[in-house]
2 protein chains.
Amino acid sequence: MESHEKTSRYHHGDLRNALLAAALTLLEEEGAAGLDLRKVARRAGVSHTAPYRHFADKHALLAAIAEIGFNRLAERMTEALTSSPPVLEERLFALGHAYISFGLHHRAHARLMFSSFGMARAEDIALHAAAKRCFELLASALGDAQANGEIGGALQAHWRSLWSAMHGAMILLIEDQMPYVTAEADGVDTLIRHTIRLMLAGMRP
Amino acid sequence: MESHEKTSRYHHGDLRNALLAAALTLLEEEGAAGLDLRKVARRAGVSHTAPYRHFADKHALLAAIAEIGFNRLAERMTEALTSSPPVLEERLFALGHAYISFGLHHRAHARLMFSSFGMARAEDIALHAAAKRCFELLASALGDAQANGEIGGALQAHWRSLWSAMHGAMILLIEDQMPYVTAEADGVDTLIRHTIRLMLAGMRP
DNA sequence: ACCTGAACACCGTTCAAGT
DNA sequence: ACCTGAACACCGTTCAAGT
């Protein structure tokens, strides 16, 4: 009945969020290897068993971290879209750039998001929804373009191909496996734009 | 001086290879999670410290496994190329198909190969060379086509874009993150072919 | 309702010691 | 030259117990 409990607060304050924040910090600082449950708990100032009040197991913590990542990525992609000129190639470039630079700036987080701690996906509805929002931004950009008559053909097929290309570029760059392209913006932007141009050529009606 | 020691054999027989074989079996059977050094040693019938005679640490064992993977992948891609009609689209499809179906048939192995236990790459010359052979097959297919006048533009840029797309498709399929495309051959082949056609359209001189 | 401490079954790695 | 056993410093997870 009292209003001082509007957000769920525990002894600690809000341990669930404190744990997530600690985990995100560890991910930035030490990469995926640094992300163990005991270290996260230590960082949040609680015993190593406290997290089990808030997450069923380590997997559940990772899923929550991944969900946060997809929400942030969707934000970046939405921002990129609104501040881009209303030209198809530029819109796709903005989306691709947001996608890939998110990955390059948060490597461990991106790896975690796109690591199928797999079937978790089907069960974790919130995680699934967050991920879906990201790739639907790309789908709707293509959908608009098709409505305008700028591109023809099978929308879903186009979208899958383009997304594959953006995702592959991101992963190869993150893992340092794209030969002769360092993570510097110039080479990355060139790769994104070239890829989009190649594919748009095939999508013209 | 004697000839009975042409291949290095130990008490065990050839523990190094026995360990690699055990690791590959575990990878198939249990995925990356099953690949711990003690389990590998147990499977090979030696104590859990014996592997350290042959691999500096777990990382080194993983790198050797990755190298085997790239060698096998290069084989599959080479075979695909030789048994494909001498038409550019078909040659690229054969390469993409070999690449992606390797990944789908050996998910844990592929994940490991393309997980940058990263800077290891720069140091491990054999691993680096094995990986390079794979993506040079794609580069030379495009190079031939350009020599024939079938495609124009910047060869390296084309190659990076196409490889990104093939890689992204493989990863998304492996991780079950390509919505509405199951791992069944039909949907996968359609995706590969569509992607190649889109890009080839942009490469025409 | 939320958290702790001891405990269990594991890891990777090191190091003296065995043959 | 090749392998073993005990040991160390860790994990994730469970469970009785505390407030």
Report task. With sequence neighbours left out, write down each residue that passes ring-ring contact (aromatic ring centres under 6.0 Å, His included) with B:Phe55, or none if nothing qualifies. Result -> none

Requested in this report: Would you check if A:Ser164 and B:Leu191 make a side-chain contact, meaning some heavy-atom pair closer than 4.5 Å?
Outcome: yes

Query - Non-neighbouring partners of A:Glu90 that pass side chain to side chain contact (heavy atoms under 4.5 Å, CB included), sequence neighbours left out - result: A:Ser84, A:Pro85, A:Val87, A:Arg193

Query - Dot-bracket encoding of pairs in DNA chain C, which uses [ ] for pseudoknotted crossings and | for another strand, Watson-Crick or G-U under 3.5 angstrom - result: ||.|||||...|||||.||

I'd like a list of close polar pairs between nucleotides 5-7 of chain C and the protein, N/O only, cut-off under 3.5 Å.
residue	atom	partner	partner atom	Å
C:dG5	O6	A:Thr49	OG1	3.2

Query raised in the report: When the distance from CZ of A:Arg53 to C1' of D:dG18 is rounded to whole Å, what number comes out?
Result: 13 Å

**Report entry** A:Asp57: salt bridge (Lys or Arg N to Asp or Glu O under 4.0 Å) partners, not counting sequence neighbours
**Finding:** none

Query - d(CG, A:Leu19; C1', C:dC3) in whole Å - result: 12 Å

Report task. May I ask you to evaluate whether A:Arg16 reaches the phosphate of C:dC2, defined as a side-chain N or O under 4.0 Å from OP1 or OP2? Result -> no

**Report entry** Interface residues of residues 25-36 of chain A with DNA chain D (non-hydrogen, below 4.0 angstrom)
**Finding:** A:Asp36

Report task. Please name all residues satisfying side chain to side chain contact (heavy atoms under 4.5 Å, CB included) with A:Thr25, sequence neighbours left out, ordered by chain then number. Result -> A:Glu29, A:Arg43

Query raised in the report: Mind checking what makes side chain to side chain contact (heavy atoms under 4.5 Å, CB included) contact with A:Leu81, not counting sequence neighbours?
Result: A:Arg91, A:Leu95, A:Leu137

Report summary line: The side chain to side chain contact (heavy atoms under 4.5 Å, CB included) partners of B:Ala139 (sequence neighbours excluded) come to B:Trp159

Query raised in the report: Sequence neighbours excluded, which residues qualify as side chain to side chain donor-acceptor pair (under 3.5 Å) partners of A:Glu28?
Result: A:His106

**Report entry** For A:His48, side chain to side chain donor-acceptor pair (under 3.5 Å) partners two or more places apart
**Finding:** A:Arg38

Report task. Output all residues satisfying ring-ring contact (aromatic ring centres under 6.0 Å, His included) with B:His109, sequence neighbours left out; order by chain, then residue number. Result -> none

